[in-house]
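Notes for the one structure printed next.
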Amino acid sequence: MARVTLFTGGIRPLPESGRPTGMYKTRVDTPLALGPEGFAGDQQADRRVHGGPDKAVHLYPARHYARLAARFPEAAALLVPGALGENLSTPDLDEADVCVGDLWQLGSAVLQVSQPRNPCWKIDERFAAEGMAGFIAEHLLTGWYWRVVKPGYVAPGDTLDLLHAAADTPTLREAQLLWQAHRPAVADLERLADLPGLARAWRDKIVQRLTWLKKST
């Protein structure tokens, strides 16, 4: 069981470039419908890389904020749950506690872990902290996305509860370490690409890397 806080938000401009972002979220204190595209009322600015069925809900572990604040003290006051655009915040889980393909219940909805978040340059501008996105990626402080397997309603106070653990599957952190490895074993990467529940976009990237590795060996 994991305690969660809910966040949603619309599209707002970034402070310097004025580019649109859906990163600004506010806490939700009323029940919300959750469907295949995410929470009712939530928006993403760049649908090429955010949102969609494989990225319907974003969870960011609350414990990561202390590490970010220590590395980027100039942004510490802003580094609070919800600030990185997550829909779900929890102090009880991180990337070492979930696996791709795991099924979890939240309210009357069922979610499946699909892939880690890939942090982008907008994080640096949002917090006026150069290098924050790179630090998040390098140290695997990414959080992850869920697809919605069963739509439903989620209310404040609902908990995430594991329904079905994916069998013989690395944790999300282990999968990320494999993906980041300089020259991972082809067989290990093939197993990663074949994981049930893996987001299509991440699978395509893994397959592309596999093709390169096989040609260069």
Side-chain angles (χ1 to χ4, degrees), residues 1-12 21-47 49-66 79-119 141-167 169-173 175-176 195-202:
M1 183 185 77
R3 300 161 291 164
V4 297
T5 305
L6 311 180
F7 297 89
T8 62
I11 297 172
R12 290 173 52 184
T21 179
M23 200 183 309
Y24 294 95
K25 307 292 187 188
T26 56
R27 181 168 175 165
V28 176
D29 294 316
T30 57
L32 285 176
L34 178 57
E37 294 283 337
F39 283 105
D42 194 48
Q43 293 182 301
Q44 301 83 35
D46 189 348
R47 297 282 294 181
V49 292
H50 299 293
D54 280 349
K55 300 178 181 179
V57 177
H58 174 221
L59 182 146
Y60 196 71
R63 64 186 67 163
H64 290 344
Y65 278 107
L79 290 166
V80 296
L84 279 168
E86 64 266 36
N87 302 114
L88 304 178
S89 175
T90 178
D92 301 320
L93 300 172
D94 64 22
E95 295 80 2
D97 299 311
V98 300
C99 301
V100 171
D102 281 352
L103 294 172
W104 292 71
Q105 182 151 4
L106 179 63
S108 60
V110 176
L111 310 180
Q112 185 176 42
V113 179
S114 58
Q115 72 168 79
R117 179 190 185 170
N118 183 26
L141 308 175
T142 59
W144 61 89
Y145 287 111
W146 312 80
R147 67 169 56 85
V148 179
V149 176
K150 177 188 173 186
Y153 284 87
V154 181
D158 287 342
T159 58
L160 272 167
D161 297 284
L162 182 62
L163 284 180
H164 176 74
T169 301
T171 67
L172 190 62
R173 179 175 175 80
Q176 289 176 280
L195 290 180
L198 189 71
R200 179 176 178 178
W202 199 24

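Note that these values count all heavy atoms, side chains included, but never hydrogens, waters or copies made by symmetry.
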Does a side-chain heavy-atom distance below 4.5 Å link [X] with [Y]?
X: W104; Y: V98; result: yes
X: E95; Y: H64; result: yes
X: C99; Y: V113; result: no
X: W202; Y: S114; result: no
X: T142; Y: N118; result: no
X: P170; Y: L195; result: yes

Count the heavy atoms belonging to other residues, nucleotides or ligands that lie under 6.0 Å from CZ of R63, then report whether that count exceeds 12. yes

Check: [Y] main-chain N/O paired with [X] side-chain donor or acceptor under 3.5 Å:
X: D102; Y: A165; answer: no
X: S108; Y: Y153; answer: yes
X: Q105; Y: G107; answer: yes
X: T90; Y: R3; answer: yes
X: Y145; Y: P53; answer: no

Rounded to the nearest 0.5 Å, how far apart are [atom1] of [X] and [atom2] of [Y]?
X: M23; Y: L84; atom1: CE; atom2: CG; value: 7.0 Å
X: T8; Y: F39; atom1: OG1; atom2: CZ; value: 8.5 Å
X: L88; Y: T5; atom1: CG; atom2: OG1; value: 9.0 Å
X: F7; Y: K25; atom1: CZ; atom2: NZ; value: 11.0 Å
X: W146; Y: H58; atom1: CH2; atom2: NE2; value: 11.0 Å
X: L93; Y: L59; atom1: CG; atom2: CG; value: 7.0 Å

What closest approach, in Å, do [X] and [Y] show between heavy atoms, and which atom pair accounts for it?
X: A62; Y: P81; answer: CB-CG, 4.3 Å
X: P116; Y: L172; answer: CD-CD1, 3.8 Å
X: P36; Y: P151; answer: CD-CG, 4.1 Å
X: D29; Y: R27; answer: OD1-NE, 3.6 Å
X: D94; Y: W144; answer: C-CZ3, 3.5 Å
X: P61; Y: G143; answer: CD-CA, 3.7 Å

Give the C-alpha distance, both sets of side-chain angles, the deciding distance and a yes or no for side chain to side chain contact (heavy atoms under 4.5 Å, CB included) between K55 and R117. CA-CA 9 Å; K55 300 178 181 179; R117 179 190 185 170; over 6 Å; no

Quick one: do L34 and L111 satisfy side chain to side chain contact (heavy atoms under 4.5 Å, CB included)? Show the steps, please. CA-CA 10 Å; L34 178 57; L111 310 180; 3.6 Å; yes

State which residues pass side-chain hydrogen bond (donor to acceptor under 3.5 Å, both in side chains) with R173; sequence neighbours excluded, sorted by chain then number. none

After noting the C-alpha distance and the side-chain angles of Y65 and V80, does the key distance pass the side chain to side chain contact (heavy atoms under 4.5 Å, CB included) rule? CA-CA 6 Å; Y65 278 107; V80 296; 5.8 Å; no

Reference residue D54; test side-chain hydrogen bond (donor to acceptor under 3.5 Å, both in side chains); the match among R147, Q112, R200: R147

Suppose we screen for side-chain contact (heavy atoms from CB on, under 4.5 Å). Which residues come up paired with T159, at least two apart in sequence or across chains? M1, D161

